[in-house]
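So the structure is just underneath, and the comments pick up after that.
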Protein chains: 2
Amino acid sequence: MAALAVIGHILPGMARFGLRIVDFSILSIIFHNPGITSKQLCGALNLLPPNLVGKIGTLEKRGLLVRHPHPQDGRALGLQLTAEGRALMQQAELAVAGLEAQSTQALTTAERRTLIRLLQKLYLG
Amino acid sequence: MAALAVIGHILPGMARFGLRIVDFSILSIIFHNPGITSKQLCGALNLLPPNLVGKIGTLEKRGLLVRHPHPQDGRALGLQLTAEGRALMQQAELAVAGLEAQSTQALTTAERRTLIRLLQKLYLG
DNA sequence: TATTGTTATACTCTATAACTATA
DNA sequence: TATAGTTATAGAGTATAACAATA
């Protein structure tokens, strides 16, 4: 329920950028890992390759990213943001940071740190 | 990611009872609130009425619950578990408690309490 | 032979409109 | 008129199989 509450705050905020949360995640990972392949993206976001193709295609048509041949592996395609994509993500990441702060304003800074630490302990085993 | 990790543990455990998590939630709420209406269930689980109908129907066909006319409101139907449904839920709730303990075994008892408190603070505002 | 990316497709989940019967 | 439950259906998300190009 807590996760849904936070997502419920972030989702409409991302809609202002024409992005769903998964789109933001895709662009954010490419933003910080230029040249990453679709395979690596699927691993990072737990997406299946067939379900990533359409999303990448849509973002490419919007002019936010480009696919170009991978220098080492002819099968793969390296993904990079366009200047427009980078500009959008700079704004979007600021917006997400603000929305996260807003979603967790019921917690003190110390509580927020504790929560993140405990959640990490949970999913890291 | 933490929520997905916990769900990932509970989901296969519930599959042994032939239940998805939403089915468990439906049966659990009826178990502890006999006579509850579909409308109230939708509110509790954030489901839309058309999407509850089929689930209730399937559980009814399995002999786990029954629908009978509501004593005060002729439009509504009161939901109750059958003896078989109650027996299943007693086992399933024990299993879930065990799976939750297993999912959170990386945390101490105090940390588990703290986590729950902080998550409640988050979604209660 | 194995892997990356892709297409086609099926299945599930979620959402909206419209109907019935009761209030 | 409004509401509880239902039906039909559309859309999004998620899954598997199979193929072309490359390793």
Side-chain angles (χ1 to χ4, degrees), chain A residues 1 3-5 7-8 10-12 14-15 17-27 29-30 33-62 65-80, chain B residues 1 3-5 7-8 10-12 14-15 17-27 29-30 33-62 65-80:
Chain A
M1 293 177 71
L4 291 175
I7 290 173
I10 293 181
L11 202 136
M14 285 302 94
F17 293 94
L19 299 175
R20 287 156 300 175
I21 291 180
V22 64
D23 298 318
F24 171 83
S25 303
I26 290 169
L27 293 175
I29 290 178
I30 299 174
N33 303 274
I36 192 174
T37 67
S38 295
K39 182 80 192 306
Q40 293 173 308
L41 249 185
C42 285
L45 294 175
N46 198 29
L47 293 172
L48 293 170
N51 300 330
L52 181 62
V53 174
K55 299 180 202 301
I56 291 286
T58 301
L59 295 170
E60 188 179 33
K61 277 178 194 153
R62 278 181 62 183
L65 62 82
V66 288
R67 293 186 258 209
H68 53 63
H70 193 280
Q72 276 89 37
D73 190 336
R75 297 169 302 182
L77 295 169
L79 302 170
Q80 289 189 338
Chain B
M1 293 177 73
L4 292 175
I7 290 173
I10 294 181
L11 202 138
M14 285 302 94
F17 293 94
L19 299 176
R20 287 157 300 177
I21 292 180
V22 64
D23 298 319
F24 171 83
S25 302
I26 289 169
L27 292 175
I29 290 178
I30 299 174
N33 302 273
I36 191 175
T37 66
S38 295
K39 183 75 191 305
Q40 293 173 307
L41 250 185
C42 285
L45 294 175
N46 198 29
L47 293 172
L48 292 171
N51 299 330
L52 181 62
V53 174
K55 300 179 202 301
I56 291 286
T58 301
L59 295 171
E60 187 178 33
K61 277 178 193 153
R62 279 180 61 182
L65 62 82
V66 289
R67 295 185 258 209
H68 53 61
H70 193 280
Q72 277 90 37
D73 189 336
R75 297 168 301 181
L77 296 169
L79 302 170
Q80 289 189 338

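Only a predicted model underlies this, so the values are computations on that prediction, with no experimental measurement involved. Every chain is numbered from 1 and lettered A, B, ... according to where its sequence line falls, protein lines coming before strand lines.
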* Asked: What integer distance in Å separates Leu41(B):CG from dG5(D):P?
  -> 9 Å

* Establish, with yes or no, whether the OP1 or OP2 oxygen of dC13(C) is under 4.0 angstrom from a side-chain nitrogen or oxygen of Arg20(B). => yes

* Which one, dG5(D), dA8(C), dG5(C), comes nearest to the side chain of Pro50(A)? -> dA8(C)

* Asked: Choosing from dA4(D), dG13(D), dT6(C), which nucleotide comes nearest the side chain of Lys55(A)?
  -> dG13(D)

* May I ask you to evaluate whether Arg67(A) reaches the phosphate of dT6(C), defined as a side-chain N or O under 4.0 Å from OP1 or OP2? => yes

* Got Leu47(A) and Val22(A) here, is their nearest side-chain heavy-atom distance under 4.5 Å? -> yes

* Please name the pair of heavy atoms, one in Asp23(B) and one in Lys55(B), separated by the smallest distance, quoted to 0.1 Å. => OD1-CB, 4.4 Å

* Give a yes or no on whether the backbone of Ile56(A) and the side-chain of Arg67(A) come within a donor-acceptor separation of less than 3.5 Å. => no

* Asked: Would you say dG5(D) has OP1 or OP2 under 4.0 Å from some side-chain N or O of Ser38(B)?
  -> yes

* Ignoring hydrogens and angles, are the base of dA4(D) and the side chain of Asp73(B) linked by a donor-acceptor pair under 3.5 Å? -> no

* Asked: Atom NE2 of His70(A) and atom C1' of dA23(D): how far apart are they, to the nearest Å?
  -> 13 Å

* **Separation of dT16(D) C1' from Leu47(A) CG (nearest whole Å)** => 16 Å

* Structure fact -> Leu48(B) atom CG is separated from dG5(D) atom P, nearest whole Å, by 14 Å

* d(CD, Gln72(A); C1', dT22(D)) in whole Å -> 15 Å

* Asked: Which part of the nucleic acid, if any, lies within reach of Leu52(B) when heavy atoms closer than 4.0 Å are counted: base, sugar-phosphate only, or nothing?
  -> nothing

* **Shortest non-hydrogen contact between Ile7(A) and Pro12(A), atoms and distance** => O-CD, 4.4 Å

* Value in whole Å for how far the C1' atom of dA12(D) lies from CG of Asn51(B) -> 13 Å

* How many Å lie between CD1 on Ile26(A) and P on dG13(D), as a whole number? -> 11 Å

* Could you tell me which non-hydrogen atom of Leu48(B) sits nearest to which non-hydrogen atom of Cys42(B), and how far apart they are? => C-SG, 4.0 Å

* Take atom CG of Leu45(B) and atom C1' of dT14(C), then tell me their distance rounded to the nearest Å. => 15 Å

* Position toward the 5' end of DNA chain D (nearest nucleotide), Asn46(A) or Arg75(A) -> Asn46(A)

